[in-house]
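One structure below.
This is a predicted model, so every value here is computed, not measured. Sequence lines set the chain letters: A, B, ... in the order given, protein chains first and strands last, and positions in each chain run from 1.
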Number of protein chains: 2
Amino acid sequence: MPEINVKNIIVETATIFFSKFGFHKTTMDEIAKHIHKAKGVLYYYFKSKEELFNEVLKRELNSVKANLSKIVTSDADSLTILNEYILTRFKILNNSENYHETLKADFFEKYQFVKDVRDEFDAFERTQLTYILSKGKDEERLDISNVNSTLNVIMMVIHSIEIPLYLQNKYTEYEKPIDELVTLLIKSLKTLK
Amino acid sequence: MPEINVKNIIVETATIFFSKFGFHKTTMDEIAKHIHKAKGVLYYYFKSKEELFNEVLKRELNSVKANLSKIVTSDADSLTILNEYILTRFKILNNSENYHETLKADFFEKYQFVKDVRDEFDAFERTQLTYILSKGKDEERLDISNVNSTLNVIMMVIHSIEIPLYLQNKYTEYEKPIDELVTLLIKSLKTLK
DNA sequence: GAATTGACTAAAAAACGTATTTAGTCAAAT
DNA sequence: ATTTGACTAAATACGTTTTTTAGTCAATTC
């Protein structure tokens, strides 16, 4: 069986198990057994369980990035883009149990190995949001004196809200207030005419 | 020694110990020893360790409430009041280690006994913010169609931000973005003239 | 009668030793 | 180059023992 397939099958299987049982409760043995392979195969392709989880996480986040990039590069105006970016981000990451689990890194030591992947996703987000805000500023649709500080506000809001949203199962409760918050923020950033 | 003093001394001592060591690491024995009393005295005035902690918490929150009420009842206009309310709330609660610890109730079972005190403080907040928003609406300074849903937005924002702020030691990092966020929110709520 | 004490104890937490499981390794085989 | 399965150090789980702690209460003091 070609490498490309075995590695993918491992990652796909790991995605299912990690999503369902979490990183710590999933064993390498059960992943191996599920694909009818010896455990050693997993270690042939991945240095460790942590590296496998990071690969699973990267692929999930790459999918999220692709969706978000589509929004950012659309023909819509920057206000619409910013609106859709934030709402879509919350919505699609709601389905990523593995991403939720990484939020625990901010509370427990045992997840520090996900830091790099998390930082990389953060960097992606800052880039996308900076692009949106700068575009809006250039188009004179957004009234922003300092792009970077507005960016920090938005990042703070996103990172703060996602904790109760995903770790305290408040997605349903907060769905409507999030909509309204984003509307308010857009309104406050909109250039007055 | 009169009752009023012993009870107060117990609470004051408990405040110090709970703030420093947390609820679980503080023993009733060390509180008693510190005030040169037998442990039974603590149980004469308080039914349990949990009741003592709740009393400590109530007193801290009563102090916070007093400060916030002063702002709410001031002669300033509602925009200024809303601004000051939010910023002051974050600032003074930053010094309440015991309040921070109650935020853990949303993550761990062992703190469920603080729920009532927390709910009561929430209710206080909703009342104060409703008053501010309604006042602003009446004064026609705030452009709000539905006071209750705007209230939910503000409460969501406050409760979300306080988690990283106090449990992840992000007060310094978030101080400036919070200022700016509040400025943006006020701007979005302000009636256009 | 109210307030305090200090001995007591059930239960919780911590410590400890043993058993089991798991991540990771690697020589042998394919 | 890829896979296997036996192996092992380390981590985790578990049962037992020890220690600590929250809470109690009869006796004492004020």
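Paired with His24(A) under the rule ring-ring contact (aromatic ring centres under 6.0 Å, His included), one option of Phe113(A), Phe17(A), Tyr111(A), Phe18(A) passes, and it is Tyr111(A).
For Tyr44(B) and dG6(C), the OH to P distance is 18 Å, given to the nearest whole Å. dT21(D) atom C1' lies 11 Å from atom NZ of Lys33(B), rounded to whole Å. If you take NE2 of His24(B) and P of dA14(C), they are 11 Å apart, rounded to a whole angstrom. Atom pair Lys37(B):NZ and dT4(C):P shows a separation of 5 Å (rounding to whole Å applied). To the nearest angstrom, C1' of dT22(C) lies 13 Å from CD of Glu50(A). Atom-to-atom, CG of Asn5(B) to C1' of dA3(C) comes out at 14 Å; the value is rounded to the nearest Å. For the pair Lys47(A) NZ and dC26(C) P, the interatomic distance rounds to 15 Å; values are reported in whole Å. The interatomic distance linking Phe46(B) (CZ) with dT4(C) (C1') rounds to 16 Å, in whole Å.
A side-chain donor-acceptor contact under 3.5 Å links Ser188(A) to the backbone of Leu185(A).
If you check distances only, the side chain of Lys39(A) does reach the base of dG24(C) with a donor-acceptor pair under 3.5 Å.
Inspection of the Glu162(B) and Tyr99(B) side chains reveals an N or O donor paired with an N or O acceptor under 3.5 Å. Side-chain contact annotation: Thr80(A) with Asp77(A), donor-acceptor N/O pair under 3.5 Å present. For the residue pair Ser149(A) / Glu180(B), a side-chain donor-acceptor distance below 3.5 Å is found, with atom types taken as modelled.
Mapping Ala38(A) and Asp29(B) onto DNA chain D by nearest heavy atom places Ala38(A) closer to the 5' end of the strand. Between Gly40(A) and Phe23(A), the residue whose closest nucleotide on DNA chain C is further toward the 5' end is Phe23(A). Residue whose closest nucleotide on DNA chain D sits further toward the 5' end, between Thr27(B) and Lys25(A): Lys25(A).
The phosphate of dT3(D) (OP1 or OP2) has a side-chain N or O of Tyr45(A) nearer than 4.0 angstrom. The phosphate of dG23(D) (OP1 or OP2) has a side-chain N or O of Tyr43(B) nearer than 4.0 angstrom.
Here dG24(C) is the nucleotide among dG24(C), dT4(C), dA22(D) with the atom lying nearest to any side-chain atom of Ser48(A).
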